[in-house]
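See structure below.
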There are 2 protein chains.
Amino acid sequence: MDEIFGKIGTAQTLSQKIERRIEEAIRQKKLLIGAKLPSERELCEMFAVSRTALREALRRLSARGLIQIKKGSGMYVSELKIEDAIESLNLYYDLSFDSGLISQIIEVRRVFEPEIARMAANNRTDADLEILNRNISDLADCDPDNTQMEADIINKFHLNVAKATGNPIVIITMEPIYSLLPRMRNLIYANVDGEKDFTVKAHRAILESIRQQDGEKAFQEMVVQIERTLEVYTQYLKK
Amino acid sequence: MDEIFGKIGTAQTLSQKIERRIEEAIRQKKLLIGAKLPSERELCEMFAVSRTALREALRRLSARGLIQIKKGSGMYVSELKIEDAIESLNLYYDLSFDSGLISQIIEVRRVFEPEIARMAANNRTDADLEILNRNISDLADCDPDNTQMEADIINKFHLNVAKATGNPIVIITMEPIYSLLPRMRNLIYANVDGEKDFTVKAHRAILESIRQQDGEKAFQEMVVQIERTLEVYTQYLKK
DNA sequence: ATCACAAAGTTATCATACCAAAATAGGAAT
DNA sequence: ATTCCTATTTTGGTATGATAACTTTGTGAT
């Protein structure tokens, strides 16, 4: 451990201490979701700090999605949305986006998604089937020129398969990855003839396997779909 | 789409506008990593706003990891670390954690980790081997009473396997899950006799497969390890 | 050349005041 | 009783100026 020398002048600022205190209260459920925080003035008295310091702490908390500030009304503990967490990831990807990332994402999907399809086949409900079915119809009916919407729909299909596993952890782990797909696909998908037909067929095959609760078949069909995607991307990357 | 009625009074506050402006500058690389921002006073003049508004914008940016503020020195554009992005996910997991998630996490690990082990076997470097080796030694040498540290070490082993895949997406995906393990394991692991010996052996087997770059064997060994964990947890959950 | 210390620049905090948006309460019109 | 409007209160948003604490830089003595 080279932690011997580390952080000497890292004294937390006052506003950071305040931030931590409130964050801890939320983490420990002392402040429940939706709870209204005392007003700024009251909090100033309670913490015995100036409004400036307090407000800067609150700004950070709201930037991180922990609280919601409503002018004229008050501040409320907000349910941390997965979107907030993903927003950070998106920014990260935005800043470090390169073609290498594309193939790495594909690699992960190639490995994870077939297993997800299998789980979905084993656990899906009838409601899941309906959603997936409508999803496929949406793609088939979608205006071919609206590639953005096509990408969104395809994205949602995969996300809905993840949801059909009934395991929220699966959703949470894959959500950040799926959130990247529209951007990537937009670069490529539009240029490939016949790709949409293939995708619709592949999705139908996956759905059918899930309907039959045939995990192994769902696995295989997903492999086909992902490997095709991989091919398309590979072509693009060679250009 | 029920987006017909939505957000009317969404007037951005001044500090949010400032935040966007600076964020955009960073996203568009007009401000490069490490670049020093003008001082608060200068920025105030440039944006023609008060220091209060400006500072609150800067607090948000630093909370999101885009800039680093050094007292007495200045403000610098910082490289957005993966850890910053993952920190948000961790918080999210933290807030939605309950014992019901344990079995779901196990299910996910059961499906994902063997594949990760296979990827690691294919892509590992010698440096990865060394890290994993030291990790196993640490566990073997660890004070048996210090269950917290044992849990940490085990946690790190799995994370290091993920790192050995060489694919950052894998890390991002799994890191939040691993961050939950110590807490879970602490509840259970301590009570099971002989568990440590088993874990050490299992880890050695996994490492050996990765060393030989035998993906299939690594996959299988990881299955063994995870299913054992699943057993232990199942016993606990039945109590 | 080295060290100690002062000076300048920068962020952190505080205190106060005023502005703007939203919620609330009260009363008037229906 | 209900609806509508208005005045009041509460709450967050912005502005300003002063002071403290910290970092960096430069100066001068050694």
Side-chain angles (χ1 to χ4, degrees), chain A residues 5-23 25-26 31-78 84, chain B residues 5-23 25-26 31-79:
Chain A
F5 315 96
K7 315 177 191 173
I8 283 192
T10 319
Q12 276 192 330
T13 68
L14 184 54
S15 63
Q16 283 174 321
K17 289 182 198 165
I18 300 172
E19 182 188 6
R20 294 288 171 213
R21 284 275 290 275
I22 299 178
E23 180 182 344
I26 295 175
L31 287 171
L32 298 178
I33 297 172
K36 181 177 180 180
L37 273 65
S39 71
E40 289 187 353
R41 268 97 176 175
E42 287 175 289
L43 283 173
C44 286
E45 281 191 23
M46 295 164 66
F47 286 122
V49 297
S50 74
R51 248 186 104 200
T52 312
L54 175 71
R55 279 179 60 82
E56 296 193 350
L58 295 171
R59 288 297 92 76
R60 300 179 104 109
L61 290 169
S62 81
R64 295 169 54 200
L66 274 85
I67 66 173
Q68 191 180 7
I69 300 178
K70 286 185 183 175
K71 182 173 177 179
S73 171
M75 300 171 292
Y76 305 84
V77 178
S78 69
D84 292 327
Chain B
F5 315 95
K7 310 178 190 174
I8 283 191
T10 319
Q12 275 191 330
T13 69
L14 185 54
S15 65
Q16 283 174 318
K17 289 181 197 167
I18 301 172
E19 181 188 7
R20 295 288 171 211
R21 284 275 290 277
I22 300 178
E23 178 183 346
I26 295 175
L31 289 171
L32 297 179
I33 296 173
K36 181 176 180 180
L37 274 64
S39 72
E40 289 186 353
R41 261 93 177 178
E42 287 175 289
L43 284 174
C44 286
E45 282 190 23
M46 294 163 68
F47 286 121
V49 296
S50 74
R51 260 189 86 211
T52 314
L54 176 71
R55 278 179 61 82
E56 297 194 349
L58 295 170
R59 288 297 93 77
R60 299 181 112 106
L61 290 169
S62 81
R64 296 169 52 200
L66 274 86
I67 67 174
Q68 190 180 9
I69 302 178
K70 288 185 181 175
K71 182 173 175 179
S73 172
M75 301 174 291
Y76 306 84
V77 179
S78 68
E79 184 180 14

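Letters go in sequence order (proteins before strands), and every chain restarts at 1.
- With respect to B:R20 and B:E23, a salt bridge is recorded, a charged nitrogen being found less than 4.0 Å from a carboxylate O.
- Toward the 5' end of DNA chain C, the nearer of the two residues B:P38 and A:S73, judged by each one's closest nucleotide, is B:P38.
- Checking the phosphate oxygens (OP1, OP2) of D:dT14, no side-chain nitrogen or oxygen of B:T52 falls inside 4.0 Å.
- Between B:R59 and the phosphate of C:dA12, there is a side-chain N or O to OP1/OP2 separation shorter than 4.0 Å.
- Side-chain atoms of B:S15 and B:R59 form no donor-acceptor pair, as typed in the model, at a separation below 3.5 Å.
- Distance from the side chain of A:K71 is smallest for C:dA20 among the nucleotides D:dT14, C:dA20, C:dT11.
- Put simply, CD on A:E45 is 15 Å from C1' on D:dT10, counting in whole angstrom units.
- Distances shorter than 4.0 Å separate none of the side-chain N or O atoms of A:R51 from OP1 or OP2 on C:dT16.
- Interface remark: the B:R41 side chain does not form any donor-acceptor pair with the C:dG9 base, using a distance-only criterion of under 3.5 Å.
- Taking atom CD1 of B:I69 as the reference point, atom P of C:dT13 lies 10 Å away to the nearest angstrom.
- Using modelled atom types, one finds no donor on one side chain facing an acceptor on the other under 3.5 Å when comparing B:S50 with B:R55.
- The separation between A:E40 atom CD and C:dA21 atom C1' is 13 Å, rounded to whole Å.
- We find that CZ of B:R55 is positioned 14 Å from C1' of D:dG17, with the value rounded to whole Å.
- Note: CD (B:Q12) to P (D:dG13) measures 13 Å, nearest angstrom.
- Checking the phosphate oxygens (OP1, OP2) of D:dT14, no side-chain nitrogen or oxygen of B:S50 falls inside 4.0 Å.
- Listed pair A:S15 / C:dT13 meets the phosphate criterion, a side-chain N or O lying under 4.0 Å from OP1 or OP2.
- Here the P atom of nucleotide D:dG12 and the CD atom of A:E42 are 9 Å apart, to the nearest Å.
- The minimum heavy-atom distance between A:M75 and A:P38, with the atom names listed, is CE-O, 3.5 Å.
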